[in-house]
Amino acid sequence: MDTEELQKLLDAVKAAWHYSHEDSVDRLKTWQNMHALAEARFPPALDFFVTCLADSRWGWRIDALRCIGFHYQFPVDGAIADKIRQMLLTDVGGFGEVRMTAASVLGRRSTWPDLALETALKTDPDEDVRRVAFAALLTIGGIPYK
């Protein structure tokens with residue numbers, strides 16, 4: 001895709017973001033557009049995805065985490081990584097899904113030791129979040145999880 005096509009996709013995603021009552025068909029199309037932008041590593045989309053990390057809707061936070069964490073490179077000690085760590089430790093949305101996604105992203109992008117993952121492993125009230133944090137720590141520690 002060229003820059004013009006990517007910008008049109010981003011404009012469509014931003015329009016959906018402003019419109020809070022999407023049905024499931026619209027939401028699927030929005031996710032497909034977000035994923036296409038992330039796969040293309042379109043820089044203006046990264047800025048938008050970072051904005052979505054603070055959205056009040058947990059579904060948008062999860063989608064933004066996935067787009068950023070599985071497609072873009074960012075400094076492990078920078079603002080994006082710090083925001084993801086904060087989400088791991090404090091986000092209450094999605095019945096733990098936001099925290100699980102944040103832990104998974106850190107497992108792919110962080111380095112040993114990651115104190116936020118260690119804290120989540122020790123203190124998160126959700127067993128699934130603790131499991132993902134454990135797997136993430138194994139990953140960044142270079143230990144295969146059987």
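Computation of the quantities below employed the complete heavy-atom set of this structure, encompassing side-chain atoms and omitting hydrogens, waters and symmetry-equivalent molecules. Starting from 1, each residue takes its place in the sequence as its number.
- We find the CD1-SG distance between Ile62 and Cys67 to be 12.0 Å, quoted to the nearest 0.5 Å.
- For the atom pair NE2 (His18) and NZ (Lys14), the distance works out to 7.5 Å, reported to the nearest 0.5 Å.
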Which donor-acceptor pairs under 3.5 Å do the side chains of residues 69-84 make with protein atoms, sequence neighbours left out?
from  : atom 1 : to    : atom 2 : distance (Å)
His71 : NE2    : His35 : NE2    : 3.4
Tyr72 : OH     : Phe42 : N      : 3.3
Tyr72 : OH     : Phe42 : O      : 2.8

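- Criterion: ILVMFWY side-chain heavy atoms under 4.5 Å apart, direct or through other members. Under it, Leu121 and Trp112 are part of a common hydrophobic cluster.
- Once rounded to the nearest 0.5 Å, the distance linking CH2 of Trp58 with OG1 of Thr101 reads 9.5 Å.
- Under a cutoff of 6.0 Å and an axis angle of 45°, Arg27 and Trp60 form a cation-pi pair.
- Within the structure, salt bridge (Lys or Arg N to Asp or Glu O under 4.0 Å) contacts touching residues 115-124 (residues at least two apart or in different chains) are Arg99-Asp124, Glu118-Lys122.
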- Given Leu117 and Phe134, is the side chain to side chain contact (heavy atoms under 4.5 Å, CB included) satisfied, shown in steps? CA-CA 8 Å; Leu117 284 169; Phe134 179 69; over 6 Å; no

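- The line from OG1 of Thr139 to CG of Leu106 is 11.5 Å long, rounded to the nearest 0.5 Å.
- Annotation: side-chain hydrogen bond (donor to acceptor under 3.5 Å, both in side chains) contacts of Asp91 (sequence neighbours excluded): Arg61.
- The heavy-atom pair separating Asp128 from Asp126 by the smallest distance is N-OD1, 2.7 Å.
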field: Candidate pair Val13 and Leu37, rule side chain to side chain contact (heavy atoms under 4.5 Å, CB included), full reasoning
entry: CA-CA 10 Å; Val13 169; Leu37 290 163; 4.1 Å; yes

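- Every residue meeting the side-chain hydrogen bond (donor to acceptor under 3.5 Å, both in side chains) condition with Ser110, not counting sequence neighbours, appears here in chain and number order: Arg85, Asp114.
- Atom CG of Leu89 is separated from atom OG1 of Thr123 by 7.0 Å, given to the nearest 0.5 angstrom.
- Using a 4.5 Å heavy-atom cutoff, the side chains of Leu88 and Val129 are in contact.
- Distance check, rounded to the nearest 0.5 Å: CD1 of Ile143 to CG of Leu137 gives 9.0 Å.
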Donor-acceptor list for residues 4-11 side chains, cut-off 3.5 Å, not counting sequence neighbours:
from : atom 1 : to    : atom 2 : distance (Å)
Glu5 : OE1    : Asp2  : N      : 2.9
Gln7 : NE2    : Asp11 : OD1    : 2.9

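- Scored by the side chain to side chain contact (heavy atoms under 4.5 Å, CB included) test, Val132 finds Met100, Ala103, Ser104 as partners (sequence neighbours excluded).
- Residues Leu46 and Ile68 have side chains in contact (heavy-atom distance under 4.5 Å, counting atoms from C-beta outward).
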